[in-house]
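A, B, ... follow the sequence lines: proteins, then strands. Residue 1 opens every chain.
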Number of protein chains: 2
Amino acid sequence: MGADEQGGDDDLALDRQVCFPLYAASNLITRLYRPALAPLGLTYPQYLVMLVLWESSPESVGGLGERLHLDSGTLTPLVKRLEAAGLVTRRRDAADERRVLVDLTGAGRALKAKARNIPKTLGAGLHLDASEVEELRETVTRLVGLIAAAEP
Amino acid sequence: MGADEQGGDDDLALDRQVCFPLYAASNLITRLYRPALAPLGLTYPQYLVMLVLWESSPESVGGLGERLHLDSGTLTPLVKRLEAAGLVTRRRDAADERRVLVDLTGAGRALKAKARNIPKTLGAGLHLDASEVEELRETVTRLVGLIAAAEP
DNA sequence: GGCAATTAAATTGCACGCAATATATCTGCA
DNA sequence: TGCAGATATATTGCGTGCAATTTAATTGCC
């Protein structure tokens, strides 16, 4: 142990970080999805918003943000792009004029059919067995819960 | 199973995706590190570059990119900001003028002392036991390897 | 009812990330 | 030697992410 390693062997080694592989995995996944999403005219974050809406719509901007851990600074312009693409509509909630409700158009709903095989197609290329994927998903989901709970 | 669920129960449910928790975890971690890195004047990606340089410097832009899975489009402006902050120098490699070598300044090297307790401080807040963290790190690292290998 | 505090979105400004492209340098081979 | 192809970095353009601020609407409390 060198004289400059008072914090332990070397806590600052890149290969010791948990944060870094998560960061790298996220970037790599965005890159991996790009060619599959390009024919649908979607970016990866836009795809996530569509996943939420395909499950339940209309949804407020805040609702989308809570689900995806994103704020209005990210979602407002993103949803406007989806609106410009004709996939969603935006309207003020009559019951609470502060809210904006994002809803699917016919084209937005129809896009789900084109997206259906994306998870299977992209998952297959990784050669991870199902149980391993499931465990990874659960562990990272729990981590997300922990970090989100630790937030202000 | 509904008539619109031909791809399985619903492969497009957000909670079924492995990609999403990784994406969310990455964003949340960046947010989590921000207040700890602010006193050092670093963003999270800048911190990762410094981690690499603290391990071995000088390093070429390409070397940084290979280690962090980033390209010159991201690294060039980032490293220039580190240079403007007085933490690194940039110079052409005399042996191969195409390369740019990024090296630590005295201030850059000195910053390591201030960063030393960051991993422990931030890790402690998550209340995950060490073995669990280790397993998560290994699994995600393996995933990163798989996706990176699948890349062109 | 009325006003302060809260809440929901939108806006602004900055730093990524990356595809596509441009520029400069090097390597290999005729 | 000289030149075509490959390689390393830089640049451009666009879409995020997010802190900080602004604007508009609602709630709570008197």
Side-chain angles (χ1 to χ4, degrees), chain A residues 23-38 41-50 58-66 68-85 90-102 147-148 151-152, chain B residues 20 23-38 41-49 58-66 68-85 90-102 147-148 151-152:
Chain A
Y23 166 87
S26 178
N27 288 343
L28 287 166
I29 283 173
T30 300
R31 235 175 295 169
L32 184 68
Y33 272 72
R34 192 184 305 271
L37 293 174
L42 294 175
T43 65
Y44 181 68
Q46 288 168 8
Y47 170 68
L48 293 179
V49 168
M50 294 303 288
E59 189 75 59
S60 69
V61 171
L64 292 171
E66 202 167 320
L68 300 173
H69 300 285
L70 295 172
D71 70 356
S72 71
T74 299
L75 286 171
T76 295
L78 188 158
V79 170
K80 282 184 176 176
R81 274 176 218 115
L82 292 178
E83 186 185 31
R90 284 160 20 95
R91 66 174 192 280
R92 289 280 165 185
D93 185 345
D96 184 342
E97 292 279 345
R98 289 172 306 180
R99 291 169 183 268
V100 165
L101 294 178
V102 183
I147 307 179
E151 279 206 311
Chain B
F20 167 61
Y23 165 88
S26 178
N27 288 343
L28 287 165
I29 283 172
T30 301
R31 235 175 295 169
L32 184 68
Y33 273 72
R34 193 184 306 269
L37 293 174
L42 294 175
T43 64
Y44 181 68
Q46 288 168 9
Y47 170 68
L48 293 179
V49 168
E59 188 77 58
S60 69
V61 172
L64 292 171
E66 201 167 321
L68 300 173
H69 301 285
L70 295 172
D71 71 356
S72 71
T74 299
L75 286 170
T76 295
L78 188 158
V79 170
K80 282 184 177 175
R81 273 175 221 116
L82 291 177
E83 186 184 31
R90 286 162 15 98
R91 65 174 192 280
R92 289 281 165 183
D93 185 345
D96 184 343
E97 291 279 344
R98 290 172 304 179
R99 292 170 183 266
V100 167
L101 294 178
V102 183
I147 307 180
E151 279 206 310

| remark: Side-chain contact check for B:V61: nearest option of C:dC16, D:dT26, D:dA10 is D:dA10

| Among C:dA9, C:dT11, D:dT11, which is the nearest nucleotide to the side chain of A:R92? | C:dA9

| Taking for each residue the nucleotide of DNA chain C bearing the nearest heavy atom, is the 5' side occupied by B:A95 or by A:G62? | A:G62

| Between B:P77 and A:D96, which is nearer to the 5' end of DNA chain D once each is assigned its nearest nucleotide? | B:P77

| query | In Å and rounded to the nearest 0.5 Å, what is the CG to CG distance from B:L82 to B:L42? | reply | 7.0 Å

| remark: Atom CG of A:L37 and atom C1' of C:dC18 are separated, to the nearest Å, by 15 Å

| In the 5'-to-3' direction, what one-character label does each nucleotide of nucleotides 18-23 of chain D receive under the scheme B = base within less than 4.0 Å of a protein heavy atom, S = sugar-phosphate only, - = no such atom? | BB----

| said: If I take atom CG in residue A:L68 and atom C1' in nucleotide D:dT16, what distance separates them, rounded to the nearest angstrom? | reply: 13 Å

| query | Between B:Y44 (OH) and D:dT16 (P), how many Å, whole number? | reply | 22 Å

| message | Does C:dT11 have its OP1 or OP2 closer than 4.0 Å to a side-chain nitrogen or oxygen of A:K80? | response | yes

| query | Nearest-Å distance, OH (A:Y23) to C1' (D:dT16)? | reply | 13 Å

| message | Taking only side-chain N and O atoms of A:Q46, does any of them lie within less than 4.0 angstrom of OP1 or OP2 on D:dT16? | response | yes

| query | Atom CZ of B:R90 to atom P of D:dA8: distance rounded to whole Å? | reply | 17 Å

| query | Residues in side chain to side chain contact (heavy atoms under 4.5 Å, CB included) with B:R34, at least two apart? | reply | B:T30

| Separation of atom CD1 in B:I147 from atom P in C:dC18, rounded to whole Å | 12 Å

| How close or far is atom C1' of D:dT16 from atom OH of A:Y47, stated in whole angstroms? | 18 Å

| Whole-Å gap separating P (C:dA15) and CG (B:L75) | 16 Å

| said: Nearest 0.5 angstrom please: B:N27 CG to A:D71 CG, how far? | reply: 10.5 Å

| request: Supply the atom-to-atom distance B:L32 CG to B:L37 CG, rounded to the nearest 0.5 angstrom. | output: 9.5 Å

| query | Which residues satisfy the side chain to side chain contact (heavy atoms under 4.5 Å, CB included) test with B:V100, sequence neighbours excluded? | reply | B:V61, B:R90, B:R92

| said: Just to verify, what does B:Y47 make a ring-ring contact (aromatic ring centres under 6.0 Å, His included) with, not counting sequence neighbours? | reply: B:Y33

| field | CD/B:E66: more than 12 non-hydrogen atoms of other groups inside 6.0 Å | value | no

| query | Taking only residues two or more places apart in sequence or in another chain, which ones pass side chain to side chain contact (heavy atoms under 4.5 Å, CB included) with B:D96? | reply | B:R98, B:R99

| Non-neighbouring partners of B:F20 that pass ring-ring contact (aromatic ring centres under 6.0 Å, His included), sequence neighbours left out | none

| task | Measure from the side-chain heavy atoms of B:T76 and tell me the nearest of C:dA15, C:dA8, D:dT11. | result | D:dT11

| query | Below 4.0 angstrom from OP1 or OP2 of C:dA8, is there any side-chain N or O of A:S60? | reply | no

Distances under 3.5 Å between protein N/O atoms and the N/O atoms of nucleotides 4-7 of chain C, please, pair by pair.
residue : atom : partner : partner atom : Å
C:dT7   : O2   : A:R98   : NH1          : 3.0

| From D:dT26, C:dC16, C:dC26, pick the nucleotide closest to the side chain of B:E97? | C:dC26

| request: Could you tell me whether B:L78 contacts a base, only the sugar-phosphate backbone, or nothing, with contacts defined as non-hydrogen atoms closer than 4.0 Å? | output: sugar-phosphate

| query | Partners of A:R91 by salt bridge (charged side-chain N to carboxylate O under 4.0 Å, His left out), sequence neighbours excluded? | reply | A:D103

